[in-house]
Amino acid sequence: MWLAKYKITFVTDNGEIISSGTYDSGSTITAPTNPTKTADKTYTYVFAGWDQKVTVVGGNKTYTASFTPVYIEYTVTFKDQNGNTLSTNTYHYGDEVTAPSNPTKAADSTYTYAFAGWNKEVVACDGDETYTATFTPTYIEYTVEFKDFGGEIISSNT
């Protein structure tokens, strides 16, 4: 008895051939190992199955892999100049990143500090990112006065 031969092909969701073979009519089809799909900046992809049930051979057939997209969660962190975390949020690719309120830095005996911005421009999410606060120091000026016994200023210097 003569059996018909049929071509069975497995392809990715963009049409790239994963495997292809000729089977006898009525024989059981063996699916290839589950394919993978390369992540992009927005999603990772999980193999979800074939577009139709893989059964016995009954004619030429092409099976197409399908994938479930899973959002990639990126972490964006803002830190103070000492490396302490001010805020951490999760974003998806392309989301607008929101910076926290401008941080402050306490004065020391030499300087006061004004927030000068972040170490780089805060842009839409393009992956995990850390921004660090920068500050502009301003000298604290002290005035020293020399007074006589009666309280009169003899000299003054800043």
Side-chain angles (χ1 to χ4, degrees), residues 4-142 158:
K5 301 260 187 203
Y6 295 103
K7 184 174 182 177
I8 304 299
T9 306
F10 290 88
V11 297
T12 63
D13 59 348
N14 67 0
E16 184 179 320
I17 295 174
I18 298 168
S19 71
S20 183
T22 303
Y23 291 80
D24 292 331
S25 179
S27 63
T28 302
I29 300 170
T30 303
T33 303
N34 293 347
T36 58
K37 182 174 180 175
T38 304
D40 54 33
K41 289 189 172 215
T42 306
Y43 300 105
T44 58
Y45 297 92
V46 177
F47 178 68
W50 301 101
D51 64 335
Q52 52 192 313
K53 185 176 179 173
V54 179
T55 61
V56 295
V57 177
N60 294 325
K61 194 170 274 194
T62 298
Y63 295 93
T64 303
S66 63
F67 297 89
T68 302
V70 178
Y71 259 126
I72 297 173
E73 305 255 320
Y74 293 107
T75 301
V76 176
T77 303
F78 287 86
K79 294 188 174 201
D80 67 16
Q81 194 173 25
N82 297 322
N84 299 313
T85 300
L86 300 170
S87 72
T88 299
N89 289 301
T90 302
Y91 293 91
H92 296 130
Y93 178 77
D95 286 351
E96 183 178 334
V97 173
T98 304
S101 298
N102 293 348
T104 59
K105 181 176 179 179
D108 54 33
S109 60
T110 308
Y111 298 103
T112 59
Y113 298 93
F115 178 68
W118 301 102
N119 64 321
K120 53 191 148 196
E121 181 183 359
V122 178
V123 296
C125 183
D126 188 27
D128 293 333
E129 191 65 73
T130 299
Y131 296 95
T132 303
T134 61
F135 294 88
T136 302
T138 302
Y139 273 113
I140 298 173
E141 296 204 5
Y142 295 97
T158 302

Side chains of V54 and F10: does their closest heavy-atom pair fall under 4.5 Å?
yes
Contact summary for A124 and G94, nearest pair of heavy atoms
CB-O, 3.8 Å
Do the non-hydrogen side-chain atoms of T33 and F47 ever get within less than 4.5 Å of each other?
no
dist F67:CZ -> T12:OG1 (nearest 0.5 Å) comes out at 7.0 Å
How about N119 and Y131: do any of their side-chain heavy atoms sit closer than 4.5 Å?
yes
Between I8 and G59, the two heavy atoms sitting closest are CD1-O, 3.5 Å
Would you compute the distance between atom CD1 of I18 and atom OG1 of T36 and round it to the nearest 0.5 angstrom?
9.0 Å
If you count every heavy atom of other residues, nucleotides or ligands that lies below 6.0 Å from E121 atom CD, does the total exceed 12?
no
When rounded to the nearest 0.5 angstrom, what is the spacing between CG in N60 and OG1 in T9?
8.0 Å
Kindly check if the number of other-residue, nucleotide or ligand heavy atoms within 6.0 Å of OH (Y142) is above 12?
yes
May I have the step-by-step check of side-chain contact (heavy atoms from CB on, under 4.5 Å) for T42 and Y71, ending in yes or no?
CA-CA 6 Å; T42 306; Y71 259 126; 3.7 Å; yes
Would you check, one step at a time, whether the test side-chain contact (heavy atoms from CB on, under 4.5 Å) holds for W118 with T132?
CA-CA 5 Å; W118 301 102; T132 303; 5.7 Å; no
For the CZ atom of F135 and the CZ atom of F115, what is their distance to the nearest 0.5 Å?
6.5 Å
State, yes or no, whether a side-chain contact exists between F78 and T98 at a heavy-atom distance under 4.5 Å.
no
Do V57 and I29 make a side-chain contact, defined as non-hydrogen atoms from C-beta onward lying under 4.5 Å apart?
yes
Can you check whether T134 reaches Q81 side chain to side chain, under 4.5 Å on heavy atoms?
no
Apply side-chain contact (heavy atoms from CB on, under 4.5 Å) to residues K79 and T130 and explain how you reach the verdict.
CA-CA 7 Å; K79 294 188 174 201; T130 299; 4.0 Å; yes
Taking it one step at a time, do Y93 and D126 satisfy side-chain contact (heavy atoms from CB on, under 4.5 Å)?
CA-CA 5 Å; Y93 178 77; D126 188 27; 3.0 Å; yes
Side-chain heavy-atom pair D13, Y45 within 4.5 angstrom cut-off
no
Does N82 reach the main-chain N or O of N84 with its side chain, forming a donor-acceptor pair under 3.5 Å?
no
Is D51 close to S66 at the side-chain level, that is, under 4.5 Å between some pair of heavy atoms?
no
What's the shortest heavy-atom distance between S27 and Y23, and which atoms?
OG-CB, 3.6 Å
To the nearest 0.5 Å, tell me how far N89 CG sits from E73 CD.
11.5 Å
Quick one: OH on Y74 to NZ on K41, what's the gap to the nearest 0.5 Å?
7.0 Å
With a cut-off of 6.0 Å (strictly less than), are more than 12 heavy atoms of other residues, nucleotides or ligands near NZ of K120?
yes
Heavy-atom pair with the smallest gap, counting every atom of T88 and T75:
CG2-CG2, 3.3 Å
Can you tell me if Q52 uses its side chain to pair, donor with acceptor, with the backbone of T62 under 3.5 Å?
yes
